[in-house]
Asker: 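So that we are looking at the same thing, I have put the structure below in structure tokens.
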Amino acid sequence: MTKTTGTTTGTEGTPAVQVENVYKIFGRRSGEAARKLKAGASRADVASLGTAAVIDASFEVAKGEIFVVMGLSGSGKSTLIRMLNGLWKPTSGTVRLGGQDINAVGAKKLRDIRQKSVSMVFQHFALLPHRTVLDNAAYPLEIQGVDKASRLERARTALDLVGLTDWADKLPSQLSGGMRQRVGLARALAADTDVLLMDEAFSALDPLIRREMQEQLVELQSKLGKTIIFITHDLNEAMFLGDRIAVMRDGRIVQIGSSEEILSDPANDYVAQFVADVDRTRVLTASSLMHRPRAVVPMSAGPRGASRTMREAQVSAAYVVDRSRTLRGVVYDAEVVDALRAGVTSLEGLVRDDLTAVTEDTSLAEVFAPAAESPLPVPVTDAAGRLVGVIPRVVLLEAMVPQHLEETTDETSTQDSADDDTVASAAVEQAPTSAGAADAVAAEPVPADPSEQTTGEHP
């Protein structure tokens with residue numbers, strides 16, 4: 001059963017691509033095989049009738065989204081992408097580009113769609129060896145009937161985007177593998193289609209060149225906002241590129257979601273094993289692990305308000321925010337008490353700003369350094385610098401444990417789990433005065449709306 005998580009990103013309105021209950025069976029009795037699959041038969045059950053390459057695939061891709069289809073060899077991903085531009089017709093189901101059913105149009109209209117609405121970058125470049133780099137990039141426009149001056153100008157612009165301006169007059173044989181793949185990408189960009197299909201486009205490249213191409217694709221996407229459907233068998237590539245990822249197995253899509261969702265909440269054991277070796281620090285972000293701070297006080301609260309908040313929350317430090325909830329720093333209980341004895345009525349001069357905040361989209365790999373340098377949980381801020389959560393060190397370390405190991409631990413553990421608030425309180429009581437602020441976090445997750453956070457009161 002497909003597990004779909006996450007929301008479609010991109011421009012509101014009609015999706016760029018819609019796939020609804022698509023089946024593709026190769027064989028003379030494909031229709032019969034499709035009917036049996038719909039009735040609950042397995043891929044093996046219909047093997048005598050035909051090869052079921054894609055089974056009941058459904059998803060939508062928003063305009064401007066990078067949607068990655070990932071799976072091992074034989075999972076059906078390459079068959080799927082060839083149905084998205086009409087190269088193969090589904091045995092059953094519907095494929096729409098920009099709301100138009102591409103299997104319901106005539107041959108002439110389908111050719112027009114391929115030329116103007118969808119372009120493809122192949123794994124093995126597919127360049128014309130007798131044409132220059134510039135002419136290869138301009139070739140789709142030549143097919144469209146664009147005049148020579150215009151198509152060469154657009155091709156030069158595309159070559160500039162992929163860094164090949166100085167190689168325009170060279171032949172493909174004079175280029176490295178990575179450069180030839182850039183020509184293929186430039187050719188697709190020159191066509192200026194709405195949808196860009198990439199079938200294992202970087203898999204033939206050396207690792208360093210491959211990473212460079214991945215980074216360049218992300219950079220180009222940020223500039224051009226193309227809709228990209230990327231096919232790969234490489235999990236790390238999928239995690240790096242995809243806004244959302246569809247995981248395929250034996251012709252079926254078993255899960256759709258963001259890289260974080262798939263890594264943190266795999267749909268089944270197959271997906272869990274698939275992602276077991278992923279570098280979680282490069283995929284998970286601060287927003288997925290942050291907790292609500294246990295003590296937050298406004299600057300206007302003064303030492304007395306800060307003291308009361310820390311006492312009620314049973315912590316020894318509090319984060320300080322201004323009226324707009326922008327993080328100003330942190331105050332410690334000992335210094336606040338000294339200020340009260342001295343008759344000080346303002347937090348000015350007591351707030352320490354020597355803590356390093358991270359943003360919600362900061363990868364966990366970048367959170368370790370500030371976590372190691374401070375006894376406090378790492379504060380997380382939004383784009384406006386407002387405090388939206390904190391990441392305690394223990395939560396950061398727990399995130400490094402793969403989920404299947406966590407589940408094994410849960411099943412074999414003989415100890416009763418303690419209440420989070422009790423544990424937090426005990427930790428505060430045992431901690432030194434200043435370092436005890438590291439426990440200034442709550443057990444509950446941060447609310448979706450940062451305005452739900454309270455200031456000056458126990459969260």
Side-chain angles (χ1 to χ4, degrees), residues 1-6 15-26 30 34 37 42-43 50-61 65-97 102-103 118-124 126 181 184 188 195-205 210 213-214 217 227-259 261-262 266-268 270-271 273-275 278:
M1 182 175 181
T2 303
K3 178 175 182 178
T4 304
T5 55
V17 178
Q18 293 170 285
V19 175
E20 298 177 0
N21 307 116
V22 164
Y23 291 75
K24 180 61 180 178
I25 295 95
F26 296 97
S30 59
L37 287 167
S42 68
R43 195 183 200 187
T51 301
V54 175
I55 305 171
D56 197 21
S58 295
F59 60 87
E60 292 183 352
V61 183
E65 181 180 14
I66 299 182
F67 186 83
V68 176
V69 181
M70 179 187 71
L72 300 177
S73 296
S75 62
K77 57 189 186 299
S78 292
T79 300
L80 178 61
I81 199 172
R82 281 162 173 75
M83 289 189 286
L84 301 184
N85 63 356
L87 285 176
W88 286 340
K89 189 173 182 178
T91 305
S92 176
T94 305
V95 175
R96 292 187 177 90
L97 291 177
I102 64 171
N103 298 306
V118 58
S119 53
M120 194 161 181
V121 179
F122 298 92
Q123 177 180 354
H124 296 292
Q181 191 59 278
V195 178
L196 183 60
L197 306 179
M198 305 185 72
D199 186 12
E200 300 272 11
F202 304 149
S203 62
L205 304 177
R210 184 173 187 169
M213 287 297 299
Q214 293 166 1
L217 181 63
T227 301
I228 299 174
I229 299 177
F230 194 99
I231 303 297
T232 183
H233 65 270
D234 187 304
L235 180 60
N236 287 310
E237 182 169 67
M239 295 284 183
F240 180 78
L241 292 175
D243 293 317
R244 287 185 304 141
I245 300 168
V247 183
M248 293 192 73
R249 183 190 189 190
D250 295 336
R252 296 184 184 273
I253 296 177
V254 295
Q255 184 168 3
I256 298 176
S258 69
S259 55
E261 290 165 340
I262 290 175
N268 53 35
Y270 173 78
V271 179
Q273 292 172 2
F274 210 90
V275 302
V278 171

Asker: If every non-hydrogen atom of L37 is compared with every non-hydrogen atom of R43, which pair is closest and at what distance?
Answerer: CD2-N, 4.2 Å
Asker: In Å, rounded to the nearest 0.5 Å, how long is the span from CD1 of I229 to CG of D199?
Answerer: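 CG of D199 is found 11.5 Å from CD1 of I229.
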Asker: Got S73 and H233 here, is their nearest side-chain heavy-atom distance under 4.5 Å?
Answerer: no
Asker: Let me confirm one number: the CE-CZ distance from M70 to R249, rounded to the nearest 0.5 Å.
Answerer: 12.5 Å
Asker: Taking the side chain as every heavy atom from C-beta outward, state whether F202 and T232 have any atom pair closer than 4.5 Å.
Answerer: no
Asker: Supply the atom-to-atom distance I25 CD1 to T91 OG1, rounded to the nearest 0.5 angstrom.
Answerer: 4.0 Å
Asker: Tell me the closest heavy-atom pair linking A57 and V19, and the distance in Å.
Answerer: O-CG1, 3.3 Å
Asker: On a heavy-atom basis, which atom in V195 and which in L97 lie closest, and how many Å separate them?
Answerer: CG2-CD2, 4.4 Å
Asker: Please list, chain by chain and in numerical order, all residues satisfying salt bridge (Lys or Arg N to Asp or Glu O under 4.0 Å) with R210, sequence neighbours excluded.
Answerer: D234, E237
Asker: Just checking F230 against F240, ring centres under 6.0 Å apart?
Answerer: no
Asker: Which heavy-atom pair separates I256 from S58 by the least distance, and what is that distance?
Answerer: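 In terms of heavy atoms, the two residues are closest at CD1-O, 3.8 Å.
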Asker: Do M120 and I81 touch side chain to side chain, with heavy atoms closer than 4.5 Å?
Answerer: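 Side chain of M120 against side chain of I81, heavy atoms only: contact under 4.5 Å found.
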Asker: Out of E65, E60, E261, which residue meets the salt bridge (charged side-chain N to carboxylate O under 4.0 Å, His left out) rule with R244?
Answerer: E65
Asker: Of all the heavy-atom pairs spanning V54 and G76, show the shortest one and how long it is.
Answerer: CG2-O, 3.5 Å
Asker: Looking at CD1 of I228 and CG of L197, how far apart are the two atoms once the value is rounded to the nearest 0.5 Å?
Answerer: 10.0 Å
Asker: Ignoring hydrogens, what is the shortest heavy-atom contact between S259 and M239? Give both atom names and the distance.
Answerer: CB-SD, 3.2 Å
Asker: From L80 CG over to I55 CD1, what is the distance, rounded to the nearest 0.5 angstrom?
Answerer: 12.0 Å
Asker: Using 0.5 Å steps for rounding, measure from the CE atom of M198 to the CD1 atom of I231.
Answerer: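 It is 11.0 Å, given to the nearest 0.5 Å.
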Asker: Quick check: do N103 and T94 have side-chain heavy atoms less than 4.5 Å from each other?
Answerer: no
Asker: Quick check: do V17 and F67 have side-chain heavy atoms less than 4.5 Å from each other?
Answerer: no
Asker: Decide yes or no on side-chain contact (heavy atoms from CB on, under 4.5 Å) for V271 and V254, but give the supporting numbers first.
Answerer: CA-CA 8 Å; V271 179; V254 295; 3.8 Å; yes
Asker: Say whether, by atom type as modelled, one donor and one acceptor occur between the side chain of K77 and the main chain of L72 under 3.5 angstrom.
Answerer: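 Confirmed, K77 side chain pairs with L72 backbone.
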Asker: Donor-acceptor pair, K89 side chain versus M83 backbone, under 3.5 Å?
Answerer: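 Here the side-chain-to-backbone pair does not exist.
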